[in-house]
Amino acid sequence: MAQINTRQAISDALMEEMDRDEKVFILGEEVGVWGGTYAVTKGFYDKYGPKRVRDTPISEAAIIGAAIGAAMVGLRPVAELMTINFAFVAMDHIVNEAPKFHYMFGGQFKVPMVLRTAGGGGRQLGATHSQTPDAIFAHFPGLKVVAPGTPADAKGLLKSAIRSEDPVMFIENATLYQQRGEVPEGEHLEPIGVSKVQRPGDDVTIVTYSKMVGYSMRAADELAKEGISAEIVDLRTLRPLDMGPVIESFKKTNRAVVVEEGWPSYGVGSEVASRIYEEAFDYVDAPVKRVAQKEVPLPYNAALEQHALPQVEDIVRGVKEVL
Amino acid sequence: MKKAEHLELYRQMVVIRRLEESAAHLYQEGKIGGFLHLYIGQEAVSTGLISMRQPQDRVITAYRDHGVAINCGISANAVMAELLGKETGTSKGRGGSMHMADTEKNFWGGHAIVGAHLPIAAGLALGDQYEENDAVTICMFGDGATNIGFFHEALNLSAVWDLPVLWVCENNQYGMGTEIKRASAVEEMRQKAEGYGMPNLRTEGGMDIMQVREAAGDAIEHIRSGKGPFFLEIVTYRFVGHSMGDPERYREKEEVTKWREDDPIGIYNKYLVDEKVAKAADLDKVEAEAEAEVEAAVKFAEESPEPALDTLFDHVYVEEN
């Protein structure tokens, strides 16, 4: 297996799918001539041309709306929103149109589109450009929300998302593009809606996803030095949420910490904790702990920003609280 | 146009009128829930417009969609059943008044968020352009929709990409209860298309199906010949409230009465008789048949089954995990 970074993994997935299916095309701001603001689609414009790699105006609602329409008539659009923070200006199409159509029209319409976008903080972009609002999108039945934490999952899940018959929001993390990992070459598909144990352990269950998978791995390394064995369950998909591996792990460890980069209120951690209490209450030996971003608009100042974001030591401390 | 075609269009207009009158009664009886936006007064617009499409041309509209559904060839039965929330409705009772569709009739939906279907219409047209289909997407919306951002994003994108889409603004002069001059900086909605360098036309003849057909034919021909999008503004008037229960404080009764003199069904009736296309007796017969069709539709809808409760979760996703 090759060691490549997440950017390359995503780029490979897109290219393989475009080569496989003529109906797959990309649209978004600066995806073409520029090559993608995160360079994910570098070289695509030259290879596939302006028909299949479509630069758009700065019109997020039109980007998502057009992707929905094109998907309804049989194409396989991959729409890119430069950052998840721009999703709010296209909110109606993301949460109030795409996820509704199959159901609301009695099963007549399908919307097989992918919305790729990048979120997360830590790059001193200030409050409007640094958010991790993933949980908001996972609130809506009809939408699938995927957020990979490793290069291999990024590739395998994106390929599955493009082949999915349902609308998929594919949330990348802007600070993970350089993250390297082993990625199978060629055809590699990971199933949407399946959580995965990324590291086995016995004493505590860490439930997490996206960037916090790596942070949790480092926390687990720290904890191992003190003889604490943490099992890490990577959700990978926020909707539909696969609680199976979480509950299975929790029944073994009886203790859980949920780690997310976004705010804790009404968040992924809140949902996972509720589900643990509902589905495995008899196994609870300690309150489920949430580790998340502090509840402030993220500040520009680097030290303040890092202070607001969840850190490896916060995860270590959280684990010790539940032991 | 042959006599039979005229009579068919006349039939559609009368079916729409009778169907919506019945719907208003059923609403008052509590058999139809939610919102009910009637098209009464505007029938010539969608009937004329859609009569000019080819089968491959797609239609998409806003929430005032019952008439459009009939014009696209959906049965009165299916429309009425949807209004009553029945399994036999256009959307299996999941959509209601504002969300009718039939992909087989190339009708891509009534859409309930003002202006939100315009970017989607651009996407339908993009699909046809991508596949090199000889199809036009006809996207209908009200004057009120021209003030929302979606409208401007969609018009601009369609012009930048030369999409085969016909933007049809049904200008009924009120966005809900707000008169155009209180809501729009320009009086003619077509002026907004000018801002995007888009060929456009405004017709005051929205109560006259023949004028609508002429304008629509030219517009569709423009697009089909590969010249990109076109904007058509059709001035019309809704004889009834925005939706059921609208107290209509925003307009004078005299204004409504005056417009009702230009009833689109009456105008078409007179045209057909004056031009000796049909005799009054022919039209009376069509009206009687339309009335019977609607009565049968009400019966069909009332006797149709409710969706089974255990189907609640059907169609949330195409692919369940």
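Order of the sequence lines sets the chain letters (A, B, ...), proteins ahead of strands, with each chain counted from 1.
Of the listed residues (A/Gly74, A/Pro77, A/Ala66, A/Pro50), the greatest number of heavy-atom pairs within a distance under 4.5 Å of chain B belongs to A/Ala66. Contact tally against chain B (heavy-atom pairs below 4.5 Å) for A/Leu75, A/Asp242, A/Ile58, A/Val111: the top residue is A/Leu75. Ranked by heavy-atom pairs under 4.5 Å with chain B, the first of A/Gln108, A/Glu60, A/Glu97 is A/Gln108. Options B/His117, B/Glu104, B/Arg94 differ in how many heavy-atom pairs under 4.5 Å they form with chain A, and the most are formed by B/Arg94. No other option in A/Glu22, A/Lys110, A/His102 has as many heavy-atom pairs under 4.5 Å with chain B as A/His102. Among B/Thr90, B/Ile60, B/Asn156, B/Asp102, the residue with the largest count of heavy-atom pairs under 4.5 Å with chain A is B/Asp102.
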| task | Step by step, work out the side chain to side chain donor-acceptor pair (under 3.5 Å) result for B/Ser184 and B/Lys192. | result | CA-CA 10 Å; B/Ser184 176; B/Lys192 298 178 188 185; 3.0 Å; yes
| B/Phe231/B/Gln191 under side-chain contact (heavy atoms from CB on, under 4.5 Å): CA gap, chis, key distance, verdict | CA-CA 10 Å; B/Phe231 187 97; B/Gln191 291 173 270; over 6 Å; no
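At a 4.5 Å heavy-atom cutoff, A/Lys100 makes no contact with chain B through either its backbone or its side chain. When heavy atoms are compared at a cutoff of 4.5 Å, A/Leu143 approaches chain B solely by way of its backbone atoms N, CA, C and O. In this structure, no portion of B/Glu87 lies under 4.5 Å from any heavy atom of chain A. Interface remark: B/Leu312 contributes backbone and side-chain atoms alike to the contact with chain A (heavy atom separation under 4.5 Å). Looking at A/Thr237, there are no atoms closer than 4.5 Å to chain B (heavy atoms on both sides), in backbone or side chain. With a 4.5 Å cut-off on non-hydrogen atoms, B/Glu82 does not touch chain A at all. A/Asn96 touches chain B through its side chain: at least one heavy atom from C-beta onward sits under 4.5 Å away, while N, CA, C and O do not. Interface remark: A/Glu165 contributes backbone and side-chain atoms alike to the contact with chain B (heavy atom separation under 4.5 Å). Residue B/His152 does not touch chain A at all, counting heavy-atom pairs closer than 4.5 Å.
For the pair A/Thr208/A/Val233, no side-chain contact is recorded, criterion being any heavy-atom separation below 4.5 Å from C-beta on. Counting heavy atoms from C-beta outward, A/Phe105 and A/Met72 have side chains that stay 4.5 Å or more apart. A/Ile26 places a side-chain heavy atom less than 4.5 Å from the side chain of A/Met18. For the pair B/Ile32/B/Leu84, a side-chain contact is recorded, criterion being any heavy-atom separation below 4.5 Å from C-beta on.
Relative to the ring axis of B/Tyr130, A/Lys51 places its NZ or CZ within 45° and under 6.0 Å from the centre.
Between A/Glu190 and A/Lys159 there is no salt bridge, since none of the side-chain N atoms of the basic residue sits less than 4.0 Å from a carboxylate O of the acidic one. A salt bridge links B/Asp57 and B/Arg224; the closest N-O separation between the charged side-chain nitrogens and carboxylate oxygens is under 4.0 Å.
Separation of the B/Phe230 and B/His222 ring centroids falls under the 6.0 Å cut-off. Taking the six-membered ring wherever Trp is involved, the centroid distance between the rings of B/Tyr63 and B/His99 does not fall below 6.0 Å. With ring centers used as reference points, B/Phe151 lies 6.0 Å or more from B/Trp167. Aromatic pair B/Phe150/A/His93: centroids less than 6.0 angstrom apart.
Against chain A, no residue from residues 68-78 of chain B qualifies, as none has a non-hydrogen atom under 4.5 angstrom away.
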